[in-house]
Amino acid sequence: MSELRVRFAPSPTGYLHVGGARTALFNWLLAKKQGGTFILRIEDTDVERSTKESVDAILEGMKWLGLDWDEGPFYQSECFDLYKEYVQKLLDDGKAYRCYCSADELNAKRELAMQEGRKPKYDGTCRNRNDHPEGAPYVVRFAAPQGGEVAFDDLIKGRIAFPSEELDDLIIQRTDGTPTYNFCVVIDDASMRITTVIRGDDHVNNTPRQIQLYQALGFPVPQFAHVPMILGSDKARLSKRHGATSVIAYRDMGFLPEALINYLVRLGWSHGDDEIFSMDEMIQKFDINNVGRSASVFNTEKLLWLNAHYIKQGDTERLADLLLPHLSKREVTTLGGPDLMLVVNTLKERAQTLEEMADRAVFYYNAPQAYDEAALAKFEKEHLLAVFEAVAEKLSVTSAVDAAGFDLLFKELCTEKVWKMPQVGQPVRIALSGGTQAPGIGEIVQALGCQEAIRRIQAIRSFVAAR
RNA sequence: GUCCCCUUCGUCUAGCCUGGCCCAGGACACCGCCCUUUCACGGCGGCGACACCGGUUCAAAUCCGGUAGGGGACGCCA
């Protein structure tokens with residue numbers, strides 16, 4: 001075990017979104033690679049907006065992706081006493097003070113400053129007052145050190161420096177006595193002995209304030225790595241209006257966790273020209289220094305390609321299991337129907353998602369109720385009847401049992417009757433599946449079984465004959 | 001408005017630190033051809049980028065300066 005300690009600290013105000021998942025993944029990878037510790041911490045200091053449902057959704061997403069944590073989940077809401085203690089310490093040391101300015105006053109000042117083109121920072125009204133208005137509501141502000149600059153060497157972005165003038169006295173405790181985020185993270189990261197903070201790059205601006213806090217409290221300052229944002233197709237921050245952003249939504253759309261993980265790891269990070277990574281390869285090759293500095297656009301097409309890849313490579317039994325819920329969604333029951341493993345095998349090379357696979361699997365369990373008329377119309381009625389009769393005949397006496405065997409049977413038929421393969425294949429495909437887009441007819445017959453195949457051929461024969 | 005960050009094909013990116021091997025490589029998407037029993041898979045090929053302007057240098061995607069564009073932050077949210 002190395003000394004490395006990292007954490008993923010989502011706030012439970014919604015589900016786990018892909019951006020958060022990627023941040024979690026980078027943390028996890030680094031911990032795995034270096035034999036460090038990965039900690040999960042729930043940042044629920046905002047009691048108003050945090051919900052149990054969100055916590056569950058986040059844990060569900062993490063588990064589905066396979067991002068297991070070594071410690072936690074810890075909840076900030078359970079550490080309020082600890083935060084209070086440190087607020088008091090800062091107060092006692094004269095490094096924090098009570099501020100009696102009302103939220104309304106502050107908002108007004110902020111707006112005015114913005115209008116006048118000034119930096120909307122706190123003006124320090126209460127910083128030097130010594131009176132303590134009896135019973136008046138107050139917040140506690142951190143007295144930010146002034147002068148000079150605060151700088152840090154970001155593992156991803158390099159050195160970043162802020163003039164201290166830019167940093168104002170941030171509120172560390174609200175009127176209601178609860179601590180605020182920027183204060184809690186520092187206390188938590190310090191008390192959990194986090195050595196490397198990997199988080200979204202929207203936190204860059206918080207970092208100097210947090211560093212001042214670490215220093216004021218006498219804590220060692222961890223290393224920081226700010227991961228660039230994930231954008232939507234219009235290059236704006238990825239949000240619901242760009243499509244799904246929830247990890248679980250991707251699961252429900254039929255994506256495999258390894259595909260999402262592989263996609264996410266390549267968004268912002270690269271290892272030469274490599275595209276496909278197993279978890280082990282990722283762990284072995286991951287290096288935080290190779291994470292890019294610029295934001296990247298989420299591209300569903302590539303995710304789809306990766307998903308198709310993992311479906312193709314996937315273990316059939318596992319895929320069959322994963323496919324089940326997608327089938328029930330379509331009210332398809334596999335009971336008494338073809339072996340799902342056989343079905344999945346015919347579909348692995350043709351589906352980009354499990355949803356698509358389920359769509360394509362339906363006909364195996366529900367015999368066609370209607371046929372693709374346009375496709376059927378391409379053949380003469382007499383020809384169709386001849387094909388169906390010949391095929392039914394052949395199938396009823398064959399000893400073939402697998403796709404290759406059935407394919408051979410169809411080829412023989414072509415030779416005997418002097419038909420071209422498409423003249424047989426297409427009508428049979430329509431008979432068996434209802435349409436023209438389906439696996440090879442040999443494969444279908446194998447999955448369906450001769451009996452059922454014959455039944456379907458006779459059904460379409462009557463249908464055609466009746467017209 | 002102020003501060004911080006970013007900028008290579010439509011998209012993800014390699015290369016940039018340690019200038020020449022780059023008239024820029026890979027992948028997705030797209031287009032074409034091949035394979036073929038439909039749809040796919042697969043194979044082959046094509047299209048396609050160093051934001052812009054200056055400077056340094058024998059030589060710049062790579063170093064320096066500026067401009068433009070984009071993003072983020074500025075909350076008693078996290």
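Each chain gets a letter, A, B and so on, in the order the sequences are listed, and its residues count up from 1.
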Counting primed atoms plus P, OP1 and OP2 as sugar-phosphate and everything else as base, spell out the protein contacts along nucleotides 38-48 of chain B at 4.0 Å heavy-atom distance: B, S or - for each nucleotide, 5' to 3'. BBBSS------
With sugar-phosphate taken as primed atoms, P, OP1 and OP2 and all else as base, the protein-contact string of nucleotides 31-36 of chain B at under 4.0 Å (heavy atoms; B, S, -) is ------
Applying a 3.5 Å limit to both distances, which nucleotide forms a Watson-Crick or G-U wobble pair with [N]?
N: B:G10; result: B:C28
N: B:C41; result: none
N: B:U18; result: none
N: B:U62; result: none

Would you classify [X] as touching base, sugar-phosphate or nothing, given that sugar-phosphate means primed atoms plus P, OP1 and OP2, and contacts are heavy atoms under 4.0 Å?
X: A:Arg110; value: sugar-phosphate
X: A:Asp44; value: nothing
X: A:Cys414; value: nothing
X: A:Thr45; value: sugar-phosphate
X: A:His203; value: base

Are the charged groups of A:Lys394 and A:Glu412 less than 4.0 angstrom apart, N to O? yes
Answer yes when A:Asp372 and A:Arg429 have at least one side-chain N-carboxylate O distance shorter than 4.0 Å, and no when they do not. no
Would you mind telling me which of B:G26, B:C28, B:C76 lies closest to the side-chain atoms of A:Glu275? B:G26
Within-4.5 Å side-chain heavy-atom neighbours: A:Glu258 and A:Gln313: no
In chain order, what residues pass the ring pair (Phe, Tyr, Trp, His ring centres under 6.0 Å) check against A:Tyr83, with sequence neighbours excluded? none
Write down the distance separating the [atom1] atoms in [N] and [M], rounded off to the nearest Å.
N: B:A49; M: B:C12; atom1: P; answer: 16 Å
N: B:G46; M: B:G65; atom1: C1'; answer: 40 Å
N: B:U67; M: B:C6; atom1: C1'; answer: 16 Å
N: B:G55; M: B:A60; atom1: C1'; answer: 12 Å

Does anything in residues 107-127 of chain A pair up under ring pair (Phe, Tyr, Trp, His ring centres under 6.0 Å), and if so which pairs, sequence neighbours excluded? none
Any pair with a residue in residues 96-121 of chain A that passes ring pair (Phe, Tyr, Trp, His ring centres under 6.0 Å), sequence neighbours left out, goes on the list, sorted by first then second residue, please. A:Tyr100-A:Tyr138
Holding to side-chain hydrogen bond (donor to acceptor under 3.5 Å, both in side chains), I want the full list of residues that pass it with A:Glu301, two or more places apart in sequence or in another chain. none
Hey, can you pull the donor-acceptor pairs under 3.5 Å for the side chains in residues 349-361 of chain A, sequence neighbours left out?
from     : atom 1 : to       : atom 2 : distance (Å)
A:Arg350 : NE     : A:Thr346 : O      : 3.0
A:Arg350 : NH2    : A:Glu443 : OE1    : 3.0
A:Thr353 : OG1    : A:Glu355 : N      : 3.3
A:Thr353 : OG1    : A:Glu356 : N      : 3.0
A:Glu355 : OE1    : A:Lys329 : NZ     : 3.2
A:Glu355 : OE1    : A:Arg330 : NH2    : 3.2
A:Glu355 : OE2    : A:Lys329 : NZ     : 3.0
A:Glu355 : OE2    : A:Arg330 : NH1    : 3.2
A:Glu355 : OE2    : A:Arg330 : NH2    : 3.4
A:Glu356 : OE1    : A:Gln352 : N      : 2.9
A:Glu356 : OE2    : A:Arg360 : NE     : 3.2
A:Asp359 : OD1    : A:Arg330 : NE     : 2.7
A:Asp359 : OD1    : A:Arg330 : NH2    : 3.2

Quick one: are the ring centres of A:Phe26 and A:Phe286 less than 6.0 Å apart? yes
What does the list of N/O pairs under 3.5 Å between the protein and nucleotides 13-15 of chain B look like, with a distance for each?
from  : atom 1 : to       : atom 2 : distance (Å)
B:U13 : OP1    : A:Gly268 : N      : 2.3
B:U13 : OP1    : A:Ser296 : OG     : 3.3
B:U13 : O3'    : A:Ser270 : OG     : 3.1
B:A14 : OP1    : A:Ser270 : OG     : 2.7

Please list, one pair per line, the donor and acceptor atoms closer than 3.5 Å that link side chains of residues 262-270 of chain A to other protein atoms, with sequence neighbours excluded.
from     : atom 1 : to       : atom 2 : distance (Å)
A:Asn262 : OD1    : A:Phe277 : N      : 2.9
A:Asn262 : OD1    : A:Tyr310 : OH     : 2.5
A:Asn262 : ND2    : A:Glu275 : O      : 2.9
A:Tyr263 : OH     : A:Asn299 : N      : 2.6
A:Tyr263 : OH     : A:Asn299 : O      : 3.4
A:Arg266 : NE     : A:Asp274 : O      : 3.3
A:Arg266 : NE     : A:Glu275 : OE1    : 3.2
A:Arg266 : NH1    : A:Trp269 : O      : 2.9
A:Arg266 : NH2    : A:Glu275 : OE2    : 3.3
A:Trp269 : NE1    : A:Asp287 : O      : 3.4

Just to be sure I understand the geometry, which residues of residues 135-143 of chain A put a non-hydrogen atom under 4.0 Å away from RNA chain B? A:Val139
Who are the side chain to side chain contact (heavy atoms under 4.5 Å, CB included) partners of A:Gln173, not counting sequence neighbours? A:Lys84, A:Val87, A:Val140
Between the protein and nucleotides 3-5 of chain B, list every N/O to N/O distance that falls short of 3.5 Å.
from : atom 1 : to       : atom 2 : distance (Å)
B:C3 : O4'    : A:Glu166 : OE1    : 3.4
B:C5 : O2'    : A:Lys157 : NZ     : 2.9

Ignoring hydrogens and angles, tell me if any N or O in the side chain of A:Thr23 forms a donor-acceptor pair with the backbone of A:Gly19 under 3.5 Å. yes
Ring geometry between A:Trp419 and A:His383 (parallel below 30°, tilted from 30 to 60°, perpendicular above 60°): perpendicular
